[in-house]
Number of protein chains: 2
Amino acid sequence: MAEDKRGGGDDGDAGGRWPTVRGRHAAAARATSRDVARAAGVSQATVSLVMGGKWRGRVSEPTAEAVRAAARELDYRPNLAARNLRLGRTRTALLVVPALTNEFFAGVYTGAARVAAEHGVGVVLYPSPEGTGPARDPFASARATLDGVIASSMAADALSDLREGGLPLVMLDSDPDRTDAVATVNLDIADGMRQVTEHLLALGHRSFAHIAADIDSWTFRVRARALADAVRATAGAAVVRTEPAAMTVAAGLRAAERALTGPGPRPTALICDDDILAAGACKAARRLGLRVPEEVSVTGFDDLSLATAVEPELTTVRLPAEAVGAAGMRALVAVLDGQPATTTTVPVELVTRGTSGPHDDAARPGGQTRRGARREASVG
Amino acid sequence: MAEDKRGGGDDGDAGGRWPTVRGRHAAAARATSRDVARAAGVSQATVSLVMGGKWRGRVSEPTAEAVRAAARELDYRPNLAARNLRLGRTRTALLVVPALTNEFFAGVYTGAARVAAEHGVGVVLYPSPEGTGPARDPFASARATLDGVIASSMAADALSDLREGGLPLVMLDSDPDRTDAVATVNLDIADGMRQVTEHLLALGHRSFAHIAADIDSWTFRVRARALADAVRATAGAAVVRTEPAAMTVAAGLRAAERALTGPGPRPTALICDDDILAAGACKAARRLGLRVPEEVSVTGFDDLSLATAVEPELTTVRLPAEAVGAAGMRALVAVLDGQPATTTTVPVELVTRGTSGPHDDAARPGGQTRRGARREASVG
DNA sequence: CGACGCTAGTTATACGTAAAACCGGGATAG
DNA sequence: CTATCCCGGTTTTACGTATAACTAGCGTCG
């Protein structure tokens with residue numbers, strides 16, 4: 001029974017089910033579906049049917065149970081490489097994130113993994129290598145190992161490889177008019193920045209500095225634009241300075257120092273693109289002898305754990321990272337199942353904490369009511 | 001020429017190289033090595049030899065170039081699932097980390113990825129799911145998709161699955177007398193904690209509190225033991241309180257509050273198992289009106305970016321995360337190549353910053369010279 | 001009573017690659 | 001002059017799985 005099709009020798013002889021351990025380190029050879037079939041006295045096809053769960057009406061219950069028992073006995077695990085080859089798909093998605101340290105993406109992963117698990121999909125993570133990483137080839141031939149990709153727009157350097165892979169691509173927080181993505185999940189970043197700005201405007205601030213991430217990504221372009229729009233809507237308000245900074249505390253500190261000591265009226269509020277930068281900005285203010293928030297307000301973005309680690313705690317915009325990851329994975333699973341992809345926008349929420357306060361006009365004379373008073377009003 | 005072995009119909013006919021697009025979303029079918037062979041006028045085996053780089057002395061240069069040209073033309077990428085099945089290995093390693101947010105593991109990944117790239121090995125990341133995650137099955141059948149695993153001892157809940165996978169396992173920062181790991185990479189945690197303690201002892205501190213991570217992991221057990229050993233070596237010194245805390249700023253804050261306000265002599269130094277806890281401890285001290293480091297010293301562990309985000313900046317122990325990841329990957333690659341595995345210990349380094357200072361005995365009377373004076377000396 | 005359908009399987013095949021085994025012909029050594 | 005070796009390939013096979021196609025036996029219905 002089913003003893004043909006094998007070269008011979010290695011097969012029917014007793015005296016050792018695992019004739020040769022081919023592995024380099026003495027690892028036991030895994031049982032295959034054929035081994036299970038032999039042990040259960042059925043054909044390999046039957047094993048495949050039973051293990052695949054498609055045996056209803058095809059295999060009798062006693063036989064199925066015998067197969068399951070044999071599988072258990074031999075500790076059978078289907079060989080994924082073979083299955084992937086046979087099926088031409090893997091039910092595995094790749095999540096591409098810009099940097100592991102970014103807490104936001106940890107949340108994205110969590111949300112994506114949850115939804116993936118609900119649909120029997122696996123997730124592997126690929127942190128975009130810093131600079132021109134050599135580890136790019138996951139994409140080069142990834143097609144056989146992956147069914148789809150979810151990528152953050154911040155992982156810019158990996159995107160060209162992604163495109164070439166020919167895999168369905170869900171973009172997170174990306175330019176909506178990309179044509180190569182099958183779906184896009186966007187955070188309502190513009191609304192978040194608008195809320196921050198209006199919050200500060202309501203506190204009486206009119207003179208702002210923007211501590212901006214120096215990353216060329218859609219999400220940061222949107223922040224800058226939304227800030228400009230919100231400020232423009234209020235007469236007498238202005239962004240008096242924009243200082244770019246790398247995404248570190250030290251860079252945020254230096255940028256804020258520049259913003260606070262440069263020529264022209266000193267801004268009363270520092271709007272930062274990220275909590276990391278905001279933490280640096282707070283340090284800079286204190287280093288200059290300015291109290292936060294009494295003399296200068298600072299706002300962050302993202303609501304990382306850092307936001308409550310510093311003192312005072314940061315006023316910031318909470319991004320529901322898990323919702324983003326979940327929506328991304330839902331979109332990808334839909335595409336994988338042949339359904340039309342949907343583009344989602346996830347709302348964000350202003351979190352008011354200790355670094356933003358009312359601006360007391362009397363505290364310090366400055367040119368924040370007259371728009372043209374920028375020159376000649378140096379406070380430095 | 002090599003036109004047999006195919007069912008028929010789909011094969012030799014002209015009029016469309018991609019007869020049916022089987023993919024659900026209109027994706028172009030990938031060219032296979034057979035397609036390349038046909039285009040180059042050679043056999044599939046020749047294509048495999050050329051693409052595999054093993055053609056020296058087997059294929060003439062003109063033929064090889066023709067194959068390469070055809071491959072380029074058709075945008076050929078080898079099907080990884082087929083290759084994995086054929087070779088029985090994948091040259092892919094899995095890195096299991098406890099949590100994505102932990103910056104330390106981002107460094108571990110970076111180091112591991114660098115070494116992996118040097119050896120043509122890919123790395124995928126698996127963050128151990130929080131709690132009883134459902135996404136565990138990557139290990140269940142991972143054998144066909146992975147060649148080896150590098151796991152942090154903190155990813156405790158995933159370890160049982162890992163063991164079952166039968167894959168070579170390199171443990172990071174784990175109990176050295178594990179028998180199921182082929183290699184272990186340890187940080188000299190004990191030395192780090194010894195350095196911290198001796199630093200504080202040299203500053204005059206004698207009464208310590210240990211803000212301890214509430215995770216049952218080798219690394220934290222070692223920290224507690226090394227702290228106890230170092231303190232015991234100095235007459236008159238004692239750990240007057242040990243407060244466990246989850247790994248969050250808020251939990252660190254509460255634990256430090258308990259440590260500073262409990263009965264008995266108030267400790268003059270808070271030794272924290274992690275920078276996160278140390279940040280919370282600093283907040284607690286300030287909240288109680290105690291200046292850091294003048295009235296209470298605080299030390300962290302790990303040297304995360306958080307350490308320089310807070311003020312004052314944290315005295316802490318720098319863990320060379322990249323070196324750990326690199327050593328782990330080196331050990332795994334060695335095992336994969338059949339070489340004996342080596343166990344490594346990576347040194348750590350004390351970083352003295354702003355949260356540790358000399359203890360001025362006069363600043364505050366307390367029972368830190370007499371060991372038995374714990375009772376009746378409440379400072380509350 | 002024969003065709004039919006259902007049950008419970010089996011046999012055969014394909015997925016795409018790597019590599020072992022084979023092979024024709026020219027150069028070369030004995 | 002012939003046996004051998006090397007060059008430059010080709011043919012063939014196997015990896016382990018999923019599934020389409022087939023089949024033997026049996027009850028059933030027209």
Side-chain angles (χ1 to χ4, degrees), chain A residues 1-11 22-23 29-38 40-64 66-67 71 76-90 141 143-145, chain B residues 1-11 22 29-38 40-64 66-67 71 76-91 141 143-145:
Chain A
M1 49 166 86
E3 289 281 305
D4 52 351
K5 201 88 196 289
R6 295 275 283 231
D10 155 324
D11 205 349
R22 196 168 352 172
R30 271 258 166 266
T32 71
S33 62
R34 210 188 312 257
D35 296 323
V36 175
R38 201 148 33 204
V42 299
S43 73
Q44 178 267 331
T46 302
V47 173
S48 186
L49 287 172
V50 172
M51 300 314 285
K54 313 196 172 157
W55 55 283
R56 272 157 286 254
R58 309 261 299 138
V59 179
S60 71
E61 179 51 37
T63 307
V67 168
Y76 168 69
R77 323 269 178 105
N79 181 317
L80 282 190
R83 175 181 300 185
N84 293 346
L85 173 58
R86 177 66 232 255
L87 296 179
R89 71 188 154 76
T90 59
S141 329
R143 196 134 201 285
T145 314
Chain B
M1 49 165 83
E3 288 283 305
D4 52 352
K5 201 86 194 290
R6 295 274 284 229
D10 156 322
D11 204 349
R22 194 161 1 165
R30 270 259 166 265
T32 71
S33 62
R34 209 187 312 258
D35 296 323
V36 175
R38 203 149 29 206
V42 298
S43 72
Q44 178 266 332
T46 303
V47 174
S48 185
L49 286 171
V50 172
M51 301 313 286
K54 314 197 172 157
W55 57 281
R56 273 158 286 254
R58 310 261 299 137
V59 179
S60 71
E61 178 50 38
T63 307
V67 168
Y76 168 70
R77 325 266 179 107
N79 181 316
L80 281 191
R83 175 181 295 180
N84 292 346
L85 173 59
R86 178 67 236 251
L87 295 180
R89 73 189 152 76
T90 58
R91 291 203 81 73
S141 331
R143 196 134 201 286
T145 313

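For the numbers below, each heavy atom of this structure counts, side chains included, while hydrogens, waters and symmetry mates do not. In the text below, chain A, chain B and the rest are named by the order of the sequence lines, each starting its count at 1.
Nucleotide D/dC7 holds its P atom 15 Å from the CD atom of B/E61, rounded to whole Å. A straight line from CH2 of A/W55 to C1' of C/dT7 spans 14 Å, rounded to a whole angstrom. One atom, CZ of B/R34, and another, C1' of D/dT10, lie 14 Å apart when rounded to the nearest Å. As a whole-Å value, the separation of A/R38 CZ from C/dT10 P is 14 Å. Put simply, CG on A/L80 is 10 Å from P on D/dT17, counting in whole angstrom units. B/D35 has its CG atom 11 Å from the P atom of C/dC15, to the nearest Å. Whole-Å rounding puts the A/N79 CG to C/dT17 C1' distance at 14 Å. Atom CZ of B/R83 is separated from atom P of C/dT17 by 8 Å (rounded to the nearest Å).
In this view, B/S48 and B/Q44 satisfy the side-chain contact (heavy atoms from CB on, under 4.5 Å) rule, not counting sequence neighbours. When the side-chain contact (heavy atoms from CB on, under 4.5 Å) test is applied to B/A66, no partner is found at least two apart in sequence or on another chain. Residues satisfying the side-chain contact (heavy atoms from CB on, under 4.5 Å) criterion with A/A45, sequence neighbours excluded, are A/S43. In this view, A/A71 and A/V36, A/M51, A/Y76 satisfy the side-chain contact (heavy atoms from CB on, under 4.5 Å) rule, not counting sequence neighbours.
Residue pairs meeting the side-chain hydrogen bond (donor to acceptor under 3.5 Å, both in side chains) criterion with at least one partner in residues 50-61 of chain A, sequence neighbours excluded, are A/S60-A/T63, A/E61-A/R68.
Between D/dG9 and B/S60, a contact under 4.0 Å exists linking OP1 or OP2 to a side-chain N or O. Close to C/dA8, at under 4.0 Å from its OP1 or OP2, lies no side-chain N or O of A/T63.
The side chain of B/S43 lies closest to D/dT11, out of D/dT17, D/dG9, D/dT11.
Between the CG atom in B/L85 and the CG atom in A/L80 there is a gap of 11.0 Å [rounded to 0.5 Å].
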Exercise. List the steps and the verdict of side chain to side chain contact (heavy atoms under 4.5 Å, CB included) for A/V42 and A/V47.
Key: CA-CA 7 Å; A/V42 299; A/V47 173; 3.9 Å; yes
I'd like a list of close polar pairs between nucleotides 19-26 of chain D and the protein, N/O only, cut-off under 3.5 Å.
from   : atom 1 : to    : atom 2 : distance (Å)
D/dT19 : OP2    : A/K54 : NZ     : 3.0

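Taking the nucleotide of DNA chain D with the nearest heavy atom to each of B/L85 and B/V59, the more 5' of the two is matched to B/V59.
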